[in-house]
Amino acid sequence: MNDFSRQLAEQLAEIDRQGQRRHLVPVTHLARGRIAIDGREYLNLAGNDYLGLAANQEMLADFYRQRDDGNLLACYGLGSTASRLMTGNTRPYAELERGLAALYGTEAALVFNSGYHLNVGILPALAGKQDLVLADKLCHASLIDGMRLSLAKVVRYPHLDYRAIERILAKDRDRFRQVFIVTESIFSMDGDLADLAELVRIKERFAAVLYVDEAHGAGIRGDSGCGLAEEQGVRQAIEILTGTFGKAYGGQGAFVVGSRLLVDTLINTARPQIFSTGLPPVSIHWLETVLARIPHLRRERAKVAELSQRLRERLRQAGLPTMGSSNIVPVVIGDAAKTVAAAERVCAAGYWVKAVRPPTVPAGTSRLRLSLNAAMDWEQLAPLPAIIKAALD
């Protein structure tokens with residue numbers, strides 16, 4: 001074994017000792033929120049297909065029935081050939097971005113290849129040495145990496161502690177050209193919500209810019225599916241509003257909506273946008289199809305909300321600690337090894353549940369993350385609290 005291989009082996013051995021080694025598992029997606037792994041079916045509580053669209057067989061069949069010789073390359077092609085600034089900006093991109101801007105009531109929209117691409121690209125493109133980024137302590141890793149790549153000073157305030165933001169800005173606002181307040185709308189591990197109206201008030205008081213990541217809100221919250229910002233009545237007051245297509249939209253990619261100036265600036269400065277090959281036409285055309293349906297999926301959004309509330313109540317009745325008020329329902333256990341063992345027992349009962357451990361969550365807060373979607377029924381979920389309780393005994 002050479003030095004490099006020995007280094008890798010030691011690194012993996014340390015990950016093993018910490019109980020944090022992960023493995024890739026091939027899955028097949030099925031209807032009603034289920035997956036198949038090695039010939040066995042599970043209810044999938046580890047995915048993010050919140051409206052059940054990615055595995056909606058009827059919708060997929062209808063989508064592909066529209067394919068013909070005339071639209072095969074334009075709408076169903078498997079390669080975009082280049083970055084969007086070269087020849088990768090196919091016609092479906094323009095139509096999708098017009099649709100997003102219309103839905104959100106903004107001047108413009110811009111699609112990125114993924115939520116990670118988007119979040120590691122925006123802050124480095126906009127924030128410089130004269131600027132300050134104030135970010136919630138529990139912001140997603142992609143936002144953290146974007147902060148690290150930017151040249152701005154970064155301060156991460158305690159989770160949902162908006163008085164901390166005001167204290168910082170009351171003392172230091174005049175030292176900086178621009179301040180970016182960064183938050184998720186629905187936090188991906190705790191399932192709790194930001195008070196976006198309060199953040200709007202603070203950013204207006206201190207002449208700051210508000211950057212809200214709606215990865216877990218887009219499609220699944222708000223009357224027309226425009227997320228928590230719509231639900232809380234502040235959609236038009238947020239300068240940088242982002243969402244992902246990889247969750248409720250059942251597709252691939254991510255987007256930012258805002259002013260034409262913002263979008264034109266990002267087209268010219270966001271490196272993941274400039275230097276990545278565009279998404280294939282088939283992916284973008286699928287998102288056009290989904291976008292047309294999103295405002296009308298109120299029944300599905302209501303169903304997910306009802307399932308989530310009911311499951312939280314049953315978990316608490318079983319003496320299991322949970323939190324949040326979204327369709328992300330955590331069961332906090334604490335110890336990483338105990339959480340892994342519990343997840344394995346729950347999986348053995350037919351529920352695909354993953355143990356979420358550090359560094360994804362803070363030390364001592366390992367948990368089972370239960371993610372509900374509209375394709376599920378209560379009859380599938382009802383046995384789960386007792387199963388988790390037994391797995392921890």
Side-chain angles (χ1 to χ4, degrees), residues 6-27 35 37-38 40 42-48 115-116 119 135-145 147-148 156-161 184 186-192 215-216 247 308 311-312 314-372 381 383-393:
R6 188 176 299 108
Q7 173 190 328
L8 296 178
E10 290 172 355
Q11 187 173 352
L12 277 175
E14 179 58 28
I15 293 171
D16 271 329
R17 281 192 291 272
Q18 295 173 3
Q20 295 178 8
R21 186 161 182 173
R22 295 157 172 85
H23 304 275
L24 295 174
V25 178
V27 307
I35 56 174
I37 299 172
D38 293 333
R40 182 177 178 186
Y42 300 84
L43 187 67
N44 180 17
L45 292 164
N48 296 318
Y116 192 90
N119 280 333
D136 192 289
K137 188 76 171 178
L138 296 189
C139 276
H140 190 264
S142 58
L143 284 165
I144 294 170
D145 288 351
M147 296 172 213
R148 289 172 174 168
R156 295 172 64 191
Y157 59 86
H159 183 48
L160 302 181
D161 186 350
E184 295 183 41
I186 300 173
F187 288 85
S188 59
M189 292 298 123
D190 287 6
D192 53 356
H216 299 275
K247 296 179 174 62
S308 304
L311 180 60
R312 274 191 174 83
R314 293 294 180 87
L315 288 168
R316 289 177 177 133
Q317 289 170 7
L320 296 168
T322 186
M323 62 183 77
S325 54
S326 70
N327 63 305
I328 300 166
V329 184
V331 178
V332 180
I333 296 171
D335 178 74
K338 186 176 180 181
T339 305
V340 171
E344 290 174 352
R345 295 187 188 110
V346 174
C347 285
Y351 293 85
W352 191 253
V353 171
K354 302 299 288 184
V356 181
R357 299 159 280 167
T360 306
V361 294
T365 70
S366 293
R367 82 266 323 256
L368 306 179
R369 178 185 183 270
L370 313 177
S371 177
L372 308 190
L381 294 167
L384 187 58
I387 290 170
I388 295 175
K389 180 74 172 176
L392 291 170
D393 290 341

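Any value given below was found using the heavy atoms of this structure, including those in side chains, with hydrogens, waters and symmetry copies removed.
In this structure a side-chain-to-backbone donor-acceptor pair under 3.5 Å is present from Glu184 to His140. In this structure, Thr339 contributes its side chain and Asp335 its backbone to a donor-acceptor pair below 3.5 Å. With Asn327 contributing its side chain and Ser308 its backbone, the two residues share no donor-acceptor pair below 3.5 Å. Between the side chain of Ser326 and the backbone N or O of Gly191 there is at least one donor-acceptor pair closer than 3.5 Å. Side chain of Arg17 to backbone of Leu12: no donor-acceptor contact under 3.5 angstrom is found. Of the possible polar contacts, none joining the Arg156 side chain to the Cys139 backbone as a donor-acceptor pair under 3.5 Å is found. Of the possible polar contacts, none joining the Asn44 side chain to the Ile35 backbone as a donor-acceptor pair under 3.5 Å is found. Looking only at distances, no side-chain donor or acceptor of Arg367 sits under 3.5 Å from a matching main-chain atom of Val332.
The nearest pair of heavy atoms linking Ala135 to Met147 is CB-CE, 3.1 Å. Residues Ser366 and Ala336 share a closest heavy-atom pair of OG-CA, 3.4 Å. Listed here is the closest heavy atom pair of Gly324 and Arg312: O-NE, 3.0 Å. Smallest separation of non-hydrogen atoms from Ser371 and Gly47: OG-O, 2.5 Å.
At a cut-off of 3.5 Å, with distance as the only test, a side-chain donor of Tyr116 or Asp145 sits close to an acceptor on the other residue. The closest side-chain donor-acceptor pair between Asp192 and His159 falls under 3.5 angstrom.
Expressed to the nearest 0.5 Å, how far CG of Leu43 lies from CH2 of Trp352 amounts to 12.5 Å. To the nearest 0.5 Å, atom CZ of residue Phe187 and atom CG of residue Leu138 are 6.5 Å apart. Atom CG of Asn48 sits about 5.0 Å away from atom NZ of Lys247, to the nearest 0.5 Å. In this structure, Thr365 OG1 and Arg357 CZ are separated by 12.5 Å, a value rounded to the nearest 0.5 Å. Taken from CZ in Arg21 to CD1 in Ile15, the straight-line distance is 7.5 Å, to the nearest 0.5 Å. In this structure, CG on Asp16 lies 11.5 Å from CD on Gln11, to the nearest 0.5 angstrom.
Counting heavy atoms from C-beta on, the side chains of Met189 and Arg369 come closer than 4.5 Å. Side-chain atoms of Pro385 and Leu311, non-hydrogen and from C-beta on, do get closer than 4.5 Å to each other. Put simply, the side chain of Cys347 does not reach to within 4.5 Å of the side chain of Arg40, judged on heavy atoms. Between Leu320 and Leu392 there is a side-chain heavy-atom pair separated by less than 4.5 Å. Side-chain contact between Leu384 and Tyr351 is present, with heavy atoms from C-beta onward closer than 4.5 Å.
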- May I have the step-by-step check of side-chain contact (heavy atoms from CB on, under 4.5 Å) for Leu45 and Leu381, ending in yes or no? CA-CA 10 Å; Leu45 292 164; Leu381 294 167; 3.9 Å; yes

Worksheet entry | Evaluation steps, side-chain contact (heavy atoms from CB on, under 4.5 Å), between Ile333 and Leu368 | CA-CA 8 Å; Ile333 296 171; Leu368 306 179; 3.9 Å; yes

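Remark: of the listed residues Thr322, Ile328, Val329, Val329 is the sole one forming a side-chain contact (heavy atoms from CB on, under 4.5 Å) with Leu370.
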